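Below you'll find the structure, written out as structure tokens, and then a few comments.
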Number of protein chains: 2
Amino acid sequence: MLRMTRQRSAVQELLDRTDDFRSAQQLHEDLRASGSSIGLATVYRTLQSLAEADAVDVLRGDDGEALYRRCARESHHHHLVCKHCGRTVEVEGAPVERWADKVAEENGFVDVDHTAELFGTCGRCAGHQRTG
Amino acid sequence: MLRMTRQRSAVQELLDRTDDFRSAQQLHEDLRASGSSIGLATVYRTLQSLAEADAVDVLRGDDGEALYRRCARESHHHHLVCKHCGRTVEVEGAPVERWADKVAEENGFVDVDHTAELFGTCGRCAGHQRTG
DNA sequence: TTATCTGCAAACATTTTGCAGCGAG
DNA sequence: CTCGCTGCAAAATGTTTGCAGATAA
């Protein structure tokens with residue numbers, strides 16, 4: 001059903017060696033830059049199918065742009081993302097899950113999903129800046 | 001510096017009597033439908049300035065579309081949104097704030113912001129559906 | 001072989017912007 | 001009166017889609 005093409009493996013391999021969240025367009029540029037000939041539409045289509053298969057995590061940037069990342073853990077988790085360098089740490093969120101459940105119950109909601117992501121400045125980037 | 005025009009107050013008044021998160025285009029349609037003549041660009045510009053002034057909350061839908069809502073509380077809070085009818089409850093998130101601080105510290109991040117929103121089915125909508 | 005994938009370009013949807021005229025202060 | 005605001009239409013993004021040809025299985 002899913003064919004393994006040159007393009008598809010190029011995208012997957014790039015994601016495997018990329019640590020931060022990147023847009024479809026950035027990934028397309030990265031691939032072109034590293035010699036892979038691939039169309040932008042193919043990148044979009046590939047990312048879409050990877051996202052559907054839960055093989056990549058999708059985040060929405062401030063401007064609504066979709067950002068993709070291949071995460072190490074398969075189970076539910078959240079992200080701590082550096083606003084400056086994009087470095088991303090996968091984190092557990094047990095307190096968030098408990099909070100979500102409690103709030104849902106208190107308000108008579110069922111089947112409640114949640115999003116929770118953290119954005120800040122990593123130690124490395126903080127070190128490079130003026131101390132303010 | 002900010003002029004109070006007919007269009008601007010129309011948008012604000014509409015937001016005041018709207019309970020759920022709505023897109024710029026929906027708000028524009030609502031205004032047109034209720035007889036207000038206003039351009040779509042003006043709605044976008046007004047929402048943008050309201051958002052900058054923290055007078056409205058902005059959320060990103062699944063497709064990246066920006067959704068706006070005038071919230072009762074001025075202080076930091078989160079939302080529990082019904083996926084079916086859009087009904088929205090403003091909720092406190094003390095456990096989330098604590099979690100964010102802790103995770104940030106453990107990973108050497110500073111200046112950490114967070115997003116945390118809940119999406120589910122409200123009691124009213126759950127009642128209307130088959131029990132499964 | 002053949003159904004799926006690819007690349008391109010055109011279509012789309014949302015949001016932004018340039019500019020001439022309007023109108024709040 | 002003046003400068004910011006408005007409306008329109010055009011442009012800029014980001015993403016999706018139609019189709020003819022390429023290709024994995």
Side-chain angles (χ1 to χ4, degrees), chain A residues 1-15 18 20-70 81 86 115 117, chain B residues 1-15 18 20-70 86 115:
Chain A
M1 178 133 207
L2 261 212
R3 277 186 197 172
M4 187 46 57
T5 62
R6 176 177 57 79
Q7 293 87 339
R8 207 160 283 190
S9 31
V11 171
Q12 294 190 23
E13 278 163 31
L14 172 56
L15 286 168
T18 301
D20 49 341
F21 277 92
R22 301 185 76 73
S23 69
Q25 317 227 21
Q26 286 176 320
L27 291 168
H28 178 241
E29 278 173 36
D30 294 349
L31 288 165
R32 288 297 186 100
S34 62
S36 280
S37 135
I38 183 173
L40 179 56
T42 301
V43 175
Y44 274 107
R45 281 187 280 232
T46 303
L47 289 171
Q48 198 172 305
S49 75
L50 287 172
E52 268 164 30
D54 287 312
V56 291
D57 280 24
V58 189
L59 226 58
R60 290 279 170 182
D62 265 357
D63 55 353
E65 196 180 13
L67 302 173
Y68 302 85
R69 179 177 192 268
R70 167 120 183 80
V81 182
T115 65
E117 308 295 342
Chain B
M1 178 128 210
L2 260 213
R3 277 186 197 172
M4 188 45 58
T5 62
R6 176 178 57 79
Q7 293 86 339
R8 210 160 282 189
S9 32
V11 172
Q12 295 190 23
E13 277 163 30
L14 173 56
L15 286 167
T18 302
D20 49 342
F21 278 91
R22 299 184 77 73
S23 70
Q25 317 228 20
Q26 286 176 320
L27 292 167
H28 179 240
E29 277 173 37
D30 293 349
L31 287 166
R32 287 297 186 99
S34 62
S36 279
S37 133
I38 184 173
L40 179 56
T42 300
V43 175
Y44 274 107
R45 281 188 279 232
T46 302
L47 289 170
Q48 197 171 305
S49 74
L50 287 171
E52 268 164 30
D54 286 312
V56 292
D57 281 24
V58 189
L59 227 60
R60 291 279 169 181
D62 265 356
D63 55 351
E65 196 181 13
L67 302 173
Y68 302 85
R69 180 177 192 267
R70 168 119 183 82
T115 65

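In the text below, chain A, chain B and the rest are named by the order of the sequence lines, each starting its count at 1. Quick note: numbers below take in every heavy atom, side chains included, and nothing from hydrogens, waters or symmetry partners. Values in this document were obtained by computation on a predicted structure and should not be read as measured data.
- Atom NE2 of B:His28 and atom C1' of D:dT6 are 12 Å apart (whole Å).
- Counting atom types as modelled, B:Arg3 pairs a side-chain N or O with a base atom of D:dG4 as donor and acceptor under 3.5 Å.
- Applying the side chain to side chain donor-acceptor pair (under 3.5 Å) definition to pairs two or more places apart or across chains, those involving residues 51-62 of chain B are B:Asp57-B:His77, B:Asp57-B:His79.
- The salt bridge (Lys or Arg N to Asp or Glu O under 4.0 Å) check on B:Arg70 picks up B:Asp16, with sequence neighbours excluded.
- Residue whose closest nucleotide on DNA chain C sits further toward the 5' end, between B:Ala66 and B:Met4: B:Ala66.
- With sequence neighbours left out, B:Ser49 forms a side chain to side chain contact (heavy atoms under 4.5 Å, CB included) with no residue at all.
- The phosphate of C:dT14 has OP1 or OP2 within less than 4.0 Å of a side-chain N or O from B:Gln25.
- Exactly one of A:Leu31, A:Asp30, A:Leu14 qualifies for a side chain to side chain contact (heavy atoms under 4.5 Å, CB included) with A:Val43. That residue is A:Leu31.
- A straight line from CD of B:Gln12 to P of D:dC5 spans 13 Å, rounded to a whole angstrom.
- Heavy-atom distances to DNA chain C give each of B:Ser23 and A:Thr5 a nearest nucleotide, and the one nearer the 5′ end belongs to A:Thr5.
- The distance from atom CG of A:Leu2 to atom P of C:dT4 is 11 Å, rounded to the nearest whole Å.
- Looking at A:Leu67, A:Thr46, A:Leu15, A:Val11 one by one, the single match for side chain to side chain contact (heavy atoms under 4.5 Å, CB included) with A:Leu27 turns out to be A:Leu15.
- With sequence neighbours left out, B:Ala41 forms a side chain to side chain contact (heavy atoms under 4.5 Å, CB included) with B:Arg45.
- Rounded to whole angstrom, the span from the CZ atom of B:Arg8 across to the C1' atom of D:dC5 amounts to 7 Å.
- For the pair B:Leu67 CG and C:dA13 C1', the computed distance is 14 Å after rounding to whole Å.
- Residues passing the side chain to side chain contact (heavy atoms under 4.5 Å, CB included) test with B:Leu40 are B:Gln25, B:His28, B:Tyr44, sequence neighbours excluded.
- Remark: A:Asp63 pairs with no residue by the salt bridge (Lys or Arg N to Asp or Glu O under 4.0 Å) rule, at least two apart or across chains.
- Between the CZ atom of A:Arg60 and the P atom of D:dT13 there is a distance of 18 Å, rounded to whole Å.
- With sequence neighbours excluded, no residue forms a side chain to side chain donor-acceptor pair (under 3.5 Å) with B:Glu13.
- Between B:Gln7 and C:dG23 there is no side-chain polar atom (N or O) within less than 4.0 angstrom of OP1 or OP2.
- For B:Arg6, taking side-chain heavy atoms from C-beta onward, the closest of the listed nucleotides C:dG23, C:dG25, D:dG7 is D:dG7.
- Each end of the helix from C:dT1-D:dA25 to C:dG25-D:dC1 gets its own axis, taken as the rotation carrying the C1' atoms of four end pairs onto the next four within a five-pair window, and the two axes meet at 40° to the nearest 10 degrees.
- Protein atom CG of B:Asp62 is 14 Å distant from nucleotide atom P of C:dT14, rounded to whole Å.
- Using a 4.0 Å cutoff on non-hydrogen atoms, the parts of residues 32-53 of chain A near DNA chain D are A:Ala41, A:Tyr44, A:Arg45, A:Gln48, ordered by number.
- The CD-P distance, from B:Gln26 to C:dA13, rounds to 15 Å in whole Å.
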